[in-house]
**Student:** 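To start, I am sharing the structure in question, which I have written as structure tokens.
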Amino acid sequence: MAVAWSEKASSMEALSMSPPHMSSSPAILSQDDLKKIAAYKAVEFVESGMVLGLGTGSTSKHAVDRIGELLRQGKLNNIVGIPTSIETRERAISLGIPLSDLDNHPTLDLAIDGADEVDPYLNLIKGRGGSLLREKMVEGACKKFVVIVDESKLVKYLGGSGLALPVEVVPFCWKFTANKLQNLFQDSGCVAKLRNDRKGQPFVTDNGNYIVDLYVKKDIGDLQVASDAILRITGVIEHGMFLDMATTVIIAGELGITIKNK
């Protein structure tokens, strides 16, 4: 559910534009069209010689594809990509994007990725695709983190969409960990559920872990306090709240592009 953000949040710059290959007709744009618009705008931040964090998911895919296209055209060169998932790694290789890792490049110039929710202060929920741990490692190491979303991802508070706040946990005694997580936010009406794959088996992350999805009915309060409390639970690896990490959020809507800076 898209919402109007509080005026107390940092200022926005509203731009009306269309990305390359997008029609300027007034036809209704699909959600994927909006994702592509935001992704193309984000890639304008990329310069030759950069070390880039390459995000995961349907929105980030458009950005990775665009970077590969610009490399083939010779409009970008000397790019090094750090993928945030096996899926992104394979896609980048297929597009001819040179890759490395955080061991060799501990500081990145820029990361581009999508988000599942964005609150008025640019805090994010990520990880509904299952790559939250690697995403947080890579995007926490970059100088600039550009987030690309369509306007449906805007919420008044994290968890406000009614969809999942993912938490990556070790498989050992995951029910014990899930109960701890649910009890932690019982005042917010939290329900914790193990994520399953399409075959009904536990979803396994690239790191061999499980994901417990938290569903809340009310605001969970101070996000830093909530973050610390989650991470103190033994068995938790990482959670999907990305707090104070995004430097720029690009939002595509029916009326154009909105850019919000930290």
Side-chain angles (χ1 to χ4, degrees), residues 13 15-24 29 32-115 118 122 124 126 129-150 206-207 242 245-252 256-262:
E13 176 189 359
L15 303 173
S16 179
M17 61 186 65
S18 297
H21 315 310
M22 296 295 293
S23 171
S24 59
L29 298 175
D32 193 61
D33 289 334
L34 296 177
K35 291 177 179 180
K36 189 172 184 179
I37 291 170
Y40 274 55
K41 183 61 183 176
V43 174
E44 293 180 15
F45 287 85
V46 178
E47 300 176 2
S48 294
M50 280 186 166
V51 179
L52 300 174
L54 304 177
T56 298
S58 57
T59 308
S60 301
K61 178 180 77 69
H62 290 305
V64 174
D65 289 351
R66 180 63 172 160
I67 291 166
E69 179 183 8
L70 294 175
L71 283 169
R72 289 193 302 274
Q73 294 174 352
K75 296 179 181 179
L76 285 176
N77 55 73
N78 297 323
I79 293 294
V80 175
I82 313 294
T84 55
S85 66
I86 293 173
E87 176 187 349
T88 298
R89 179 181 181 277
E90 292 174 348
R91 188 168 195 87
I93 290 172
S94 73
L95 294 168
I97 301 174
L99 299 179
S100 188
D101 55 36
L102 291 175
D103 292 333
N104 291 293
H105 296 278
T107 301
L108 284 65
D109 297 295
L110 172 69
I112 298 175
D113 204 353
V118 183
L122 307 194
L124 317 172
K126 292 176 50 57
S131 301
L132 63 98
L133 176 58
R134 297 191 187 190
E135 287 172 340
K136 191 170 283 190
M137 290 178 69
V138 170
E139 289 148 14
C142 63
K143 298 175 183 176
K144 188 175 183 66
F145 178 23
V146 178
V147 178
I148 46 180
V149 295
D150 66 84
D206 288 348
N207 318 297
F242 285 50
M245 291 180 63
T247 54
T248 299
V249 176
I250 299 174
I251 307 139
I257 290 284
T258 298
I259 298 178
K260 186 170 184 182
N261 295 302
K262 197 71 175 179

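Because only heavy atoms are used, hydrogens play no part in the values below, and waters and symmetry mates are left out as well, while side chains stay in.
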**Student:** Charged N to carboxylate O under 4.0 angstrom, K126 versus D113?
**Tutor:** yes

**Student:** Quick one: do E44 and K41 make a salt bridge, cutoff under 4.0 Å?
**Tutor:** yes

**Student:** Mind checking whether D32 and T59 have side chains closer than 4.5 Å, heavy atoms only?
**Tutor:** no

**Student:** For residues T84 and T56, is any side-chain donor paired with an opposing acceptor at under 3.5 Å?
**Tutor:**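 There is such a pair between these side chains.
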
**Student:** Looking at CG of L124 and CD of E135, how far apart are the two atoms once the value is rounded to the nearest 0.5 Å?
**Tutor:**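 One finds 10.0 Å between CG of L124 and CD of E135.
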
**Student:** Report yes if some heavy atom in the side chain of P83 is under 4.5 Å from a heavy atom in the side chain of L99; otherwise report no.
**Tutor:** yes

**Student:** Are any non-hydrogen side-chain atoms of M50 and I79 less than 4.5 angstrom apart?
**Tutor:** yes

**Student:** Of the options V80, L76, T88, L71, which is the one that meets I97 in a side chain to side chain contact (heavy atoms under 4.5 Å, CB included)?
**Tutor:**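 Only one of V80, L76, T88, L71 forms a side chain to side chain contact (heavy atoms under 4.5 Å, CB included) with I97, namely L71.
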
**Student:** Give a yes or no on whether a salt bridge exists between D150 and K35, defined as a side-chain N under 4.0 angstrom from a carboxylate O.
**Tutor:** no

**Student:** Give the C-alpha distance, both sets of side-chain angles, the deciding distance and a yes or no for salt bridge (Lys or Arg N to Asp or Glu O under 4.0 Å) between R66 and E69.
**Tutor:** CA-CA 5 Å; R66 180 63 172 160; E69 179 183 8; 3.1 Å; yes

**Student:** Using a 4.5 Å cut-off on heavy atoms from C-beta on, say whether the side chain of L52 contacts that of I112.
**Tutor:**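 The answer is no; the side chains never approach within 4.5 Å.
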
**Student:** Please find the pair of heavy atoms, one from D206 and one from I86, that lie closest to each other, and give the distance.
**Tutor:**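 Minimum heavy-atom contact is OD2-N, 2.9 Å.
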
**Student:** Could you measure the distance from the CD1 atom of I250 to the CD1 atom of I148? Nearest 0.5 Å is fine.
**Tutor:** 7.5 Å

**Student:** Let me confirm one number: the NZ-CG distance from K262 to L122, rounded to the nearest 0.5 Å.
**Tutor:**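 One finds 4.5 Å between NZ of K262 and CG of L122.
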
**Student:** Identify the two heavy atoms, one from P106 and one from A141, that lie closest to each other, and give their separation to 0.1 Å.
**Tutor:**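 Shortest heavy-atom contact: O-CB, 3.5 Å.
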
**Student:** Without hydrogens or angle criteria, can the side chains of N261 and T248 be said to hold a donor-acceptor pair below 3.5 Å?
**Tutor:**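 Judged by distance alone, the side chains do pair up.
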
**Student:** Mind jotting down which residue pairs meet the salt bridge (Lys or Arg N to Asp or Glu O under 4.0 Å) criterion with at least one end in residues 86-104? Sequence neighbours excluded, please.
**Tutor:** D65-R91

**Student:** Decide yes or no on side chain to side chain contact (heavy atoms under 4.5 Å, CB included) for R134 and S85, but give the supporting numbers first.
**Tutor:** CA-CA 7 Å; R134 297 191 187 190; S85 66; 5.5 Å; no

**Student:** Return the CG to OG distance between N77 and S48, rounded to the nearest 0.5 Å.
**Tutor:** 4.0 Å

**Student:** So how far is it from Y40 OH to H62 NE2, rounded to the nearest 0.5 Å?
**Tutor:**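 Atom-to-atom, Y40:OH and H62:NE2 are 8.0 Å apart.
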
**Student:** Measuring from atom NZ of K61 to atom CG of L95, what distance do you get when rounded to the nearest 0.5 angstrom?
**Tutor:** 9.5 Å

